*Asks:* 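Mind having a look at this structure? Questions to follow.
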Amino acid sequence: MENFKEIENKWRKFWEEHPGLYQADNNSKKNKKYILVEFPYPSGSGLHVGHAFSFTGGDVYARFKRMQGENVLFPMGWDAFGLPTENYAIKMKRKPQDVTKENTDMFRKQMKDLAFSFDWSREVNTTDPHYYKWTQWIFIQLFNKGLAYKKEMPINWCPSCKIGLANEEVVDGKCERCGSEVSRRNISQWVVKITEYADKLIEGLEETNFIEKVKQAQINWIGKSEGAKIKFKVKSSSSSRDVARYVSTDYLEVFTTRPDTLFGATFMVIAPEHQLVSQLLETHHDASLQKNIETYIKQSKKKSDLERTELSKDKTGVFSGLYAINPVNNKEIPIWISDFVLASYGTGAIMSVPAHDERDEEFAKKFGLEMIKVYDEKSNKVINSDFLNGLNKEEAIKKVIKWLSEKGIGERTASYHLRDWIFSRQHYWGEPIPMINCPKCGWVPVAESDLPIVLPEVEVYEPTDDGKSPLSKIESFVKTKCPKCGGKAERETDTMPNWAGSDWYFLRYIDPDNDTVLASQELMKYWCPVDVYVGGDEHNVLHLLYSRFIYKFLWDLGVVPKEQPEPYYKRLSHGVILGPDNQRMSKSKGNVIVPEVVADKYGVDVVRMYMMFMGPFDSTMAWNENTLMGVKRFLDRFEQFIKLQINQVGSETAKNREVKVILNKTIKNITDMNEQFKYNTAIAQMMEALNKLTDLRLSMVDEDIKTLIKLLAPFAPYTAEELYFMVETHDRAYLHEYASVHIAEWPKADSQYLIEDKIIVAIAINGKVRDQLEINFAKQNDKDEIVERAKGQEKIKKWINGKVIVKEIYIEGKMINFVIKD
RNA sequence: GCCGCUGUGGUGAAAUUGGUAUACACGCAAGACUUAAAAUCUUGUGCUCUCAAAAAGCGUGUGGGUUCGACCCCCGCCAGCGGCACCA
């Protein structure tokens, strides 16, 4: 449309004046459909193509479902806490609150321009005290259930951001945000026991309809391994009489997935952080050993995570001077210290079976340690293992665990890669953790009636060099009374991580203004679960897992409806749009496409429709302006066609059935494809229909013209609205009498028009198509006649003359295959 | 190393899930309109052979298999993408 800006303004205003169009109804008898797109972080640079693409995908579906008569909840909000805003505020010496307000205003406007049909009456903002009151409330519940605890622990410290990072935020030993190398630092942190929910998070996936990729990613991340814990007695030297003289620990416990190889365990390895090591360092038993150990520990502490993994090929280690006793054969085996064993996994100690484990083998070779084979390579049966000999792996595991349990020195157990979730951030722009430290009572949660604990305004937002949150400098905030004993106490000054606010936002949309509960049970019962959750692959693990964890925790509390154990039914990943150069868009490459700019040039509908036409919704695609021009051409031709039709009304011709057949096929296909988010082919159907209808040169009745416009409406809301208005009113009615196309009823395919009178049957010889045959639809099940006619075809005669027809296969209405032989 | 995914024209991609491979679009070529260009319209467009057409052959990364028939199912290989990774 040449005057697209005028039209966009007109209808934007109209929609603004009719907010009810897109509002979800809490008291509807219609089917509900909760369609969620990941809410954005409102950065200063505005809505980017990725947002526009993902939201358009959700919007098309929401519009489609609304027209199908469903009660659609399609909300939007802001995940607005976070470092970029804080950093920007520091740099510009402004309040993060003000910056956030500006950014969200900008985002909202851009979204409205792009015609996203969000229900703005339900907008949420994670930085709003009315919102984060409940984020804090959830934390208190975690604390009360023993799932949040304070712990002095080595954390990943980013020296540039001056912030502690969760394991998930460290990529290749570097800070996910700024790329600086991460070091380790001991800080007292709030930690949330997500590991308690590891099994539930795996099992719960069965309740969902996530794509396999997402399920697998989550399962991998949790990383459950089944095996056994085994206790080994510790001795200080091979000559000493029994227990260790230099350590207070009697037993060394290990986790192994292969207890069946216990007879092959020839040494033990413990992590440098293992408590046995600190015990050793405190006592001074053997001067030279002592020194070796100290040197080794020092070296490994200096290594960052990056080095520890990069240098993984080369094993290092030091002998501890201690021995363990293998419980199955009472053999004394040496205990080594090495940083290839991780303190944070299992028990921080392993039994080494160098004959059957690559890493153990490497270590044994380097330090000249013994290797014993316990499996016969040919038969895969246990050898050299006394009572396990001759068994296969499964039998041996079962038997040895039974043996160990009876002796009380071992048991079946599972171990997980998933770690507890470090929940403290030493920054300003986050939710204050609602805890108070009392010298008498310890950590006490803020009284729920005192929530929210509002972020106080501070002069300086910079994190302090000692790593403490800027809040720690505000005396009026820090000094408080213990809610339990009333004595003097201090507030926690750390804030929560970004994930905290986004864990449960989808629940708040359901009941955004509720001040007594986070959302009413009744409304949650109606709206939960989210039917479709559209988001990026980068959130398939962390956000989705945290969010599922918090939901499951709330479920255990009885806060969310019992009927719904999982928050999201279906998860869809949207694809990634690359720059025209096939590279990831970035300012430095100068290949950034700004949706606003393109929309300004060609119109919003062109941009929306092009993005949906580029390729499958979940794939990676490069921006291509030529293809975009193709879409523009289509929309122009569509408009011309409709206008022509409007002017021709009244001159209907008799061959109308052809129009109906095209239209109804298109209805059926587009409906099916929209349902599956196959927008690229849905749009292709639309194009095909327009091509065919244009060729027919027939005039159509109003009803059919409207059908065509309705099919377009989810993709091109402005164009559709303008054209629908023209057909509906022939420009005579006033705008206020007009009801939007976006709440018009979605067309249903009429099966009588899905049938074509004549169908083409392919004729194949030995599976290769050689000819075609046109038959009447009604006669398609008359195999004999069709086969006879096929044999009569000139081309076919050439192939079958002088040959023996071995078989005649007829697939009704599709093809005939003659199998011939010489 | 483990897990998941992908491989189809010059390009982005379709294929009703075992039944006419390449829909739709881009690009390209020729033509129309124009003084000219852009825009628009028409026609053609998998490859080989042919001035052209017909006919034929080849053709969904690759080698096999199952089947009347395979982009689709099975086995092996190659290439690429994504996630996890010294996890015992």
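Below, each value reflects all heavy atoms present in this structure, side chains not excepted, and no hydrogens, waters or symmetry copies. Here the structure is a predicted model, which means the values were calculated and not measured.
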*Asks:* Checking all strands, does A:Met815 fall into the base, sugar-phosphate, or nothing category for heavy-atom contacts under 4.0 angstrom?
*Replies:* base
*Asks:* Do A:Asp537 and A:Lys213 meet the salt-bridge criterion of a basic N to acidic O distance under 4.0 Å?
*Replies:* yes
*Asks:* Of the nucleotides B:rG27, B:rA88, B:rC58, which has the atom closest to the A:Asn626 side chain?
*Replies:* B:rG27
*Asks:* Could you check how far NZ of A:Lys678 sits from C1' of B:rA25, rounded to whole Å?
*Replies:* 18 Å
*Asks:* Establish, with yes or no, whether the OP1 or OP2 oxygen of B:rC68 is under 4.0 angstrom from a side-chain nitrogen or oxygen of A:Lys807.
*Replies:* yes
*Asks:* Calculate the interatomic distance between A:Glu361 atom CD and B:rC86 atom C1'; express it in whole Å.
*Replies:* 14 Å
*Asks:* Of the options B:rA88, B:rA25, B:rG4, whose atoms approach the side-chain atoms of A:Met687 most closely?
*Replies:* B:rA25
*Asks:* Which part of the nucleic acid does A:Gly346 contact within heavy-atom distance under 4.0 Å: base, sugar-phosphate only, or nothing?
*Replies:* nothing
*Asks:* Starting at the 5' end of RNA chain B and moving along, which residue's nearest nucleotide shows up first, A:Gln685 or A:Lys798?
*Replies:* A:Gln685
*Asks:* Which of these nucleotides, B:rG4, B:rA23, B:rC68, is closest to any side-chain atom of A:Glu688?
*Replies:* B:rA23
*Asks:* A:His543 vs A:Tyr568 aromatic rings, parallel, tilted or perpendicular, using cut-offs 30° and 60°?
*Replies:* tilted
*Asks:* Return the value, rounded to whole Å, for the distance between atom CG of A:Asp360 and atom P of B:rA88.
*Replies:* 12 Å
*Asks:* Whether the side chain of A:Asn817 and the base of B:rC68 hold a donor-acceptor pair under 3.5 Å is what I'd like checked.
*Replies:* yes
*Asks:* For A:Asn540, which contact category applies under a 4.0 Å heavy-atom criterion: base, sugar-phosphate, or nothing?
*Replies:* nothing
*Asks:* Kindly point out which of B:rA21, B:rA25, B:rG19 is positioned nearest to the side chain of A:Val769?
*Replies:* B:rA21
*Asks:* Is the phosphate of B:rA55 approached by A:Lys795 (side-chain N or O, under 4.0 Å from OP1 or OP2)?
*Replies:* yes
*Asks:* Given B:rU40, is OP1 or OP2 found less than 4.0 Å from the side-chain N or O atoms of A:Arg633?
*Replies:* yes
*Asks:* What orientation do A:Phe367 and A:Trp336 show, parallel under 30°, tilted 30 to 60°, or perpendicular over 60°?
*Replies:* tilted
*Asks:* Ignoring hydrogens and angles, state whether a donor on the side chain of A:Tyr416 or A:Asp199 is under 3.5 Å from an acceptor on the partner side chain.
*Replies:* yes
*Asks:* Would you tell me whether A:Gln583 and A:Asn591 have side-chain atoms, one donor and one acceptor, within less than 3.5 Å of each other?
*Replies:* no
*Asks:* What contact category does A:Asp537 fall into here, base, sugar-phosphate, or nothing, at under 4.0 angstrom with non-hydrogen atoms?
*Replies:* nothing
*Asks:* Among B:rC84, B:rA13, B:rA88, which nucleotide has an atom closest to any side-chain atom of A:Trp221?
*Replies:* B:rC84
*Asks:* Angle between ring planes, A:His356 versus A:Tyr375, binned at 30° and 60°: parallel, tilted or perpendicular?
*Replies:* perpendicular
*Asks:* Between B:rA88, B:rU20, B:rG19, which one does the side chain of A:Val341 approach most closely?
*Replies:* B:rA88
*Asks:* Heavy atoms only, 4.0 Å cut-off, all strands: where does A:Lys224 land among base, sugar-phosphate and nothing?
*Replies:* nothing
*Asks:* To the nearest Å, how far apart are A:Phe613 CZ and B:rU11 C1'?
*Replies:* 13 Å
*Asks:* Among B:rC41, B:rA13, B:rA88, which nucleotide has an atom closest to any side-chain atom of A:Arg637?
*Replies:* B:rC41
*Asks:* Can you confirm whether the side chains of A:Gln752 and A:Asp750 place a donor and an acceptor under 3.5 Å from each other?
*Replies:* yes
*Asks:* What does A:Trp799 touch in the nucleic acid at a heavy-atom separation under 4.0 angstrom: a base, only the sugar-phosphate, or nothing?
*Replies:* sugar-phosphate
*Asks:* Are OP1 or OP2 of B:rG69 and a side-chain N or O of A:Asn766 less than 4.0 angstrom apart?
*Replies:* no
*Asks:* Which whole-number value in Å describes the distance from A:Lys366 NZ to B:rC86 P?
*Replies:* 18 Å
*Asks:* So, is B:rU17 syn or anti if syn means the angle is within 90° of 0?
*Replies:* syn
*Asks:* Does A:Ile219 reach a base, just sugar-phosphate, or nothing at all? Heavy atoms under 4.0 Å.
*Replies:* nothing
*Asks:* I want to check one thing: is the phosphate of B:rC3, taken as OP1 and OP2, less than 4.0 Å away from some side-chain N or O of A:Asn220?
*Replies:* no
*Asks:* Under 4.0 Å, counting only non-hydrogen atoms across every strand here, what does A:Glu808 touch: a base, just sugar-phosphate, or nothing?
*Replies:* nothing
*Asks:* Check every atom of B:rA25, B:rC68, B:rC86 against the side chain of A:Thr627 and return the nucleotide holding the closest atom.
*Replies:* B:rA25
*Asks:* Between B:rU40, B:rA13, B:rA88, which one does the side chain of A:Thr257 approach most closely?
*Replies:* B:rA88
